[in-house]
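What follows is a short report on a single structure.
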Amino acid sequence: MKKLAFFLITLLIVSCSTEGKQEEVVRELAKKDAIEKLQLPEGTTFNNENIEVTEAESEEAFIGFSYLVKVTVKSQDREGNEIIKTHTFNYKKIGEGGLSPQDYELISFE
């Protein structure tokens, strides 16, 4: 019984670790896509508070999950007023591993 409990706890820890890595891959992919799709300057940097990743079950049950990523871009106009815009990226997991950018597909962005 102890071996079974140990196995289940280990499995839970490994799955949580993989989930965090998948969110990090999606976060990095969103940074790259934000620079490309929004035509931001190449040196644009983001910190983790500017990017919010939300995981949702996909309607296509055989695939698994989709990720909704909200990217907040702060800029200034010529008068020095701060402009804050939030853009939403929707990614679908197309690969099994989820630890590579090629495992995700950008479905839409606003």
Side-chain angles (χ1 to χ4, degrees):
M1 186 67 173
K2 288 182 182 181
K3 289 182 181 180
L4 180 61
F6 178 74
F7 177 73
L8 292 176
I9 291 172
T10 304
L11 185 62
L12 178 67
I13 291 171
V14 169
S15 66
C16 290
S17 173
T18 302
E19 182 179 326
K21 290 178 184 176
Q22 289 177 351
E23 286 187 9
E24 189 60 36
V25 169
V26 172
R27 183 181 306 275
E28 291 300 317
L29 190 57
K31 288 178 186 179
K32 181 182 77 69
D33 285 341
I35 292 171
E36 179 184 315
K37 303 289 185 197
L38 303 174
Q39 299 177 350
L40 299 174
E42 219 28 67
T44 302
T45 59
F46 296 96
N47 56 26
N48 284 342
E49 65 188 36
N50 293 18
I51 300 175
E52 178 185 329
V53 179
T54 307
E55 184 177 351
E57 289 235 10
S58 177
E59 293 181 17
E60 302 170 11
F62 64 92
I63 294 294
F65 294 98
S66 64
Y67 292 88
L68 190 65
V69 183
K70 292 184 180 180
V71 178
T72 303
V73 178
K74 297 178 182 179
S75 62
Q76 289 184 342
D77 61 9
R78 292 184 180 172
E79 289 81 38
N81 299 322
E82 187 174 63
I83 300 170
I84 300 174
K85 292 184 181 179
T86 301
H87 303 277
T88 304
F89 293 82
N90 191 359
Y91 291 94
K92 179 172 82 170
K93 185 176 176 184
I94 57 173
E96 289 188 27
L99 299 179
S100 170
Q102 289 79 19
D103 292 338
Y104 301 95
E105 175 183 12
L106 178 63
I107 297 172
S108 64
F109 76 94
E110 300 174 8

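- Pro101 approaches Val25 most closely through the heavy-atom pair N-CG1, 3.8 Å.
- In this structure, the side chain of Arg27 does not engage the main chain of Val53 through any donor-acceptor pair within 3.5 Å.
- Under the 4.0 Å criterion applied to side-chain N and carboxylate O atoms, Glu28 and Lys31 are assigned as salt-bridge partners.
- Rounded to the nearest 0.5 angstrom, Lys37 NZ and Lys32 NZ are separated by 8.0 Å.
- Expressed to the nearest 0.5 Å, how far CG of Leu29 lies from CD of Glu24 amounts to 11.5 Å.
- Closest of all the heavy-atom pairs between Ser66 and Asn90 is CB-OD1, 4.2 Å.
- Qualifying side chain to side chain donor-acceptor pair (under 3.5 Å) partners for Gln102, counting only residues two or more places apart in sequence or in other chains: Ser100.
- Using bins of under 30°, 30° to 60° and over 60° for the plane-to-plane angle, the ring pair Tyr104/Tyr67 lands in the perpendicular bin.
- Of the inter-residue distances, the one linking Ile107 atom CD1 with Glu105 atom CD reads 6.5 Å to the nearest 0.5 angstrom.
- Shown here for Ala30 and Val71, the closest heavy-atom pair between the two residues is CB-CG2, 4.4 Å.
- Contact annotation: the side chain of Val26 never approaches that of Phe89 to less than 4.5 Å [non-hydrogen atoms, C-beta and beyond].
- In this structure, Leu68 is not a member of the same hydrophobic cluster as Phe46, with clusters built from ILVMFWY side-chain heavy atoms closer than 4.5 Å.
- When all heavy atoms of Ile35 and Pro41 are compared, the pair lying nearest together is CG2-O, 4.1 Å.
- Atom CD of Gln76 is separated from atom CD1 of Ile83 by 8.5 Å, given to the nearest 0.5 angstrom.
- The nearest pair of heavy atoms linking Asn81 to Asp77 is N-OD1, 2.8 Å.
- Atom CG of Leu38 and atom CZ of Phe109 lie 6.5 Å apart (nearest 0.5 Å).
- Not a single side chain to side chain contact (heavy atoms under 4.5 Å, CB included) links Glu110 to another residue, sequence neighbours left out.
- Here the CD-OG1 distance, from Glu23 to Thr54, works out to 8.0 Å after rounding to the nearest 0.5 Å.
- Within a 6.0 Å radius of CD in Gln39, other residues, nucleotides and ligands contribute 12 heavy atoms or fewer.
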